[in-house]
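Okay, so here's the structure we're looking at.
Chain identifiers are assigned alphabetically (A, B, ...) following the order of the sequence lines, protein sequences preceding nucleic acid strands; residue numbering begins at 1 within each chain.
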Amino acid sequence: MAEFLHHNIMKDADDATLVLEYKRSGKLDYLAALYQRYMNLVYGVCLRYFDAETSKDVVMQIFEELIAKLQQHEVQNFKSWLHVLTRNHCLMKLRSMKNRENREISIEGLPVMENDQFGHHENGTSMESHLQGMEKCLETLPEEQKRSVDLFFLKEKSYREVADITGYDMKKVKSYIQNGKRNLKICMEQQNASEA
Amino acid sequence: MPQKHNHINHRVDPDLIRRYLAGELDNKAMHALERQAMDDPFLAEALEGFENHAPDQRRHLADLENRLALRVKGTVTRKVIALQYRWAAAAAILIVLGVGGLWIWKKDAQPGGLAKMEKDQSSESVITDTLSYANMTGERPVANSTSPVTVEKGYRATQMADSPVPEAALPAMAPVMSAPPVPAAPLPVTAAADQATMAMADSTEVAEKPSVNTRVLQGRVKDLSNNGLAGASVSVEGSKAGALTDQKGNFAIKVDSAKDVSIVVAAVGYKAKKMAVPSRENNVDIAIKENRSALEEVTVTGRSQKDVYQAPVPGEGYEAYRQYLSKNVKYPASAQATNVRGRVRVSFRVLPDGTLEDFKVTRKLQPDCDAEAIRVVKEGPAWLPASDGKATRVQVDVPFNP
């Protein structure tokens with residue numbers, strides 16, 4: 001029975017509970033259960049920088065880092081925090097590798113991530129709620145961005161479909177949507193500001 | 001309360017990602033995941049990572065689960081990792097030895113007859129050298145007749161072959177590093193010229209023969225303090241050509257010889273740099289700047305754009321404000337007499353309505369200067385209040401430099 005309950009906590013408790021349980025007990029079981037939830041994402045991020053074998057080692061190293069760091073830090077949103085920890089770890093490792101050897105990874109298109117992206121870990125409904133304002137703003141976007149954003153957000157097409165419909169390159173579609181979204185956001189914020 | 005099961009939304013099924021990347025999902029499911037990634041930078045970045053690899057990472061993920069389970073059970077993975085480093089080091093040493101050996105072997109083997117000739121001639125080369133030198137100056141010594149012409153020719157050939165040969169061995173190891181065979185200076189002795197051209201043609205063939213319309217663009221990527229940067233990527237804009245720099249920051253890329261090209265240099269922790277290279281230029285040194293923010297940008301803040309705090313600023317900006325100060329500060333006579341110069345730091349509060357109050361001097365210079373500094377700030381242009389609508393203390397340095 002106790003075994004069953006224990007198992008249940010590991011599976012169903014939310015992140016914050018597991019963080020607390022780990023901090024309280026220091027038991028790795030809790031931390032591992034938590035880490036397992038996001039291990040594929042951690043691994044995926046590592047794959048951006050390293051090959052598969054190195055990435056796996058890095059994933060395990062990050063777990064080791066977690067063991068210590070989680071005890072020291074007050075963590076509100078475990079997932080975001082883990083994301084940042086992962087990136088930092090990868091970048092530090094890259095940096096040290098850079099000094100050590102000639103590595104064979106492409107560093108093209110390395111993170112040009114904007115800070116404001118980190119604010120949006122909650123599954124956002126922010127976009128839909130401003131539909132009317134959005135339509136006005138949509139008109140101000142460059143043609144490619146407008147079409148891509150419209151198809152993706154309003155017509156709910158996948159990247160592949162957008163690329164098929166518009167004839168744009170798949171990679172470009174992604175950046176059109178991302179830039180379009182950012183421009184929309186800026187435009188809508190200005191609208192809100194002028195209304196208020 | 002949905003909060004309780006929040007994490008279920010946050011987790012992304014690895015199998016979903018695999019099927020997405022393999023193109024097995026229908027459009028609707030694809031779109032759903034893409035939408036999710038849009039609001040979840042962690043997922044977005046992970047997807048980007050997966051994209052460059054085989055879609056099926058199940059073996060690796062299972063391996064990870066295993067390693068995690070072992071780690072929790074108390075099997076120390078650290079040792080395993082350390083051990084792997086040791087193996088890696090051993091492997092690296094073996095590779096270095098292997099490649100080195102190969103290189104030496106190739107160097108011995110490749111020049112073939114020429115190298116032999118070089119050996120044979122080495123004893124005579126000193127003599128022939130003087131001979132040919134004498135030829136150049138036009139004084140044909142009698143000794144020339146005792147030295148057969150073939151020897152001189154042979155020596156010439158060796159001399160010509162000498163410089164390209166070590167390079168010829170290089171492309172096998174690092175094609176990026178190989179420079180095109182540099183044509184030797186034209187020979188002053190016409191008798192040897194034919195022979196020389198032949199030798200040159202030979203050695204060019206041994207080396208990687210550049211096709212007619214490409215040239216090798218080489219150079220070095222360095223930081224601002226002139227240290228070569230290893231592993232920087234150098235690419236040619238609008239083409240697939242590119243290279244990574246070696247340990248000393250050197251690179252070489254084949255480009256169209258007729259065209260001006262534009263190359264882009266990028267390295268982790270540095271600002272990318274684009275540079276135009278005209279068609280006649282084959283040697284470039286590129287210094288790139290460190291980009292601290294690229295590595296340090298990763299602080300989490302829970303704020304959205306509009307919450308960004310903006311401190312009070314002068315109504316027309318700092319530049320205009322500085323100009324106002326320099327124009328309107330009256331240099332007090334007492335200060336002039338004693339030749340006092342420097343800055344007075346004035347501290348004051350900017351109220352939510354933009355008015356200023358509570359002036360203090362926080363860095364004194366001389367009583368009259370201090371008073372003048374307060375006057376000039378007090379009578380100065382209006383300020384914009386802080387964005388949070390609170391009264392905020394600000395400091396301004398007023399210069400006294402007649």
Criterion side-chain contact (heavy atoms from CB on, under 4.5 Å) on Leu43(B) and His83(A), from CA distance to verdict: CA-CA 9 Å; Leu43(B) 173 59; His83(A) 182 203; over 6 Å; no
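- We find the CZ-NZ distance between Arg59(B) and Lys56(A) to be 5.5 Å, quoted to the nearest 0.5 Å.
- Contact annotation: the side chain of Thr86(A) never approaches that of Glu45(B) to less than 4.5 Å [non-hydrogen atoms, C-beta and beyond].
- Enclosure of atom CD in Gln72(A) by more than 12 non-hydrogen atoms of other residues, nucleotides or ligands within 6.0 angstrom is indicated.
- Of all the listed residues (Leu61(B), Val264(B), Leu25(B), Asp13(B)), the one sharing the greatest number of non-hydrogen pairs under 4.5 Å with chain A is Leu61(B).
- When heavy atoms are compared at a cutoff of 4.5 Å, Glu51(B) approaches chain A solely by way of its side chain, counted from C-beta outward.
- At a threshold of 4.5 Å between non-hydrogen side-chain atoms, the residues Arg71(B) and Ile67(A) count as touching.
- At most 12 heavy atoms of other shown residues, nucleotides or ligands fall within 6.0 angstrom of atom CD in Gln76(A).
- Remark: Glu48(B) does not engage Lys174(A) in a salt bridge, criterion side-chain N to carboxylate O under 4.0 Å.
- A distance of 5.0 Å separates CZ of Phe63(A) from CG of Leu68(B), quoted to the nearest 0.5 Å.
- How far CG of Asp57(A) is from CZ of Arg67(B): 4.5 Å, rounded to the nearest 0.5 Å.
- In terms of heavy-atom pairs under 4.5 Å with chain A, the best-connected choice from Lys28(B), Met30(B), Glu34(B) is Glu34(B).
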Applying side-chain contact (heavy atoms from CB on, under 4.5 Å) to Ile177(A) and Met38(B), what does each step give before you reach the verdict? CA-CA 9 Å; Ile177(A) 292 174; Met38(B) 189 121 308; 3.7 Å; yes
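- Rounded to the nearest 0.5 Å, atoms CZ (Arg18(B)) and CG (Asn40(A)) are 12.5 Å apart.
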Could you walk me through whether His60(B) and Glu53(A) pass the side-chain contact (heavy atoms from CB on, under 4.5 Å) check? CA-CA 8 Å; His60(B) 295 305; Glu53(A) 289 305 321; 3.6 Å; yes
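- The stretch residues 156-165 of chain A places Glu156(A), Lys157(A), Ser158(A), Tyr159(A), Arg160(A), Glu161(A) near chain B, each with some heavy atom under 4.5 Å from a heavy atom of that chain.
- What you find for His53(B) and Phe50(A) is that their closest heavy atoms are NE2-O, 3.7 Å.
- Ranked by heavy-atom pairs shorter than 4.5 Å toward chain B, the options Phe152(A), Tyr35(A), Phe78(A) are led by Phe152(A).
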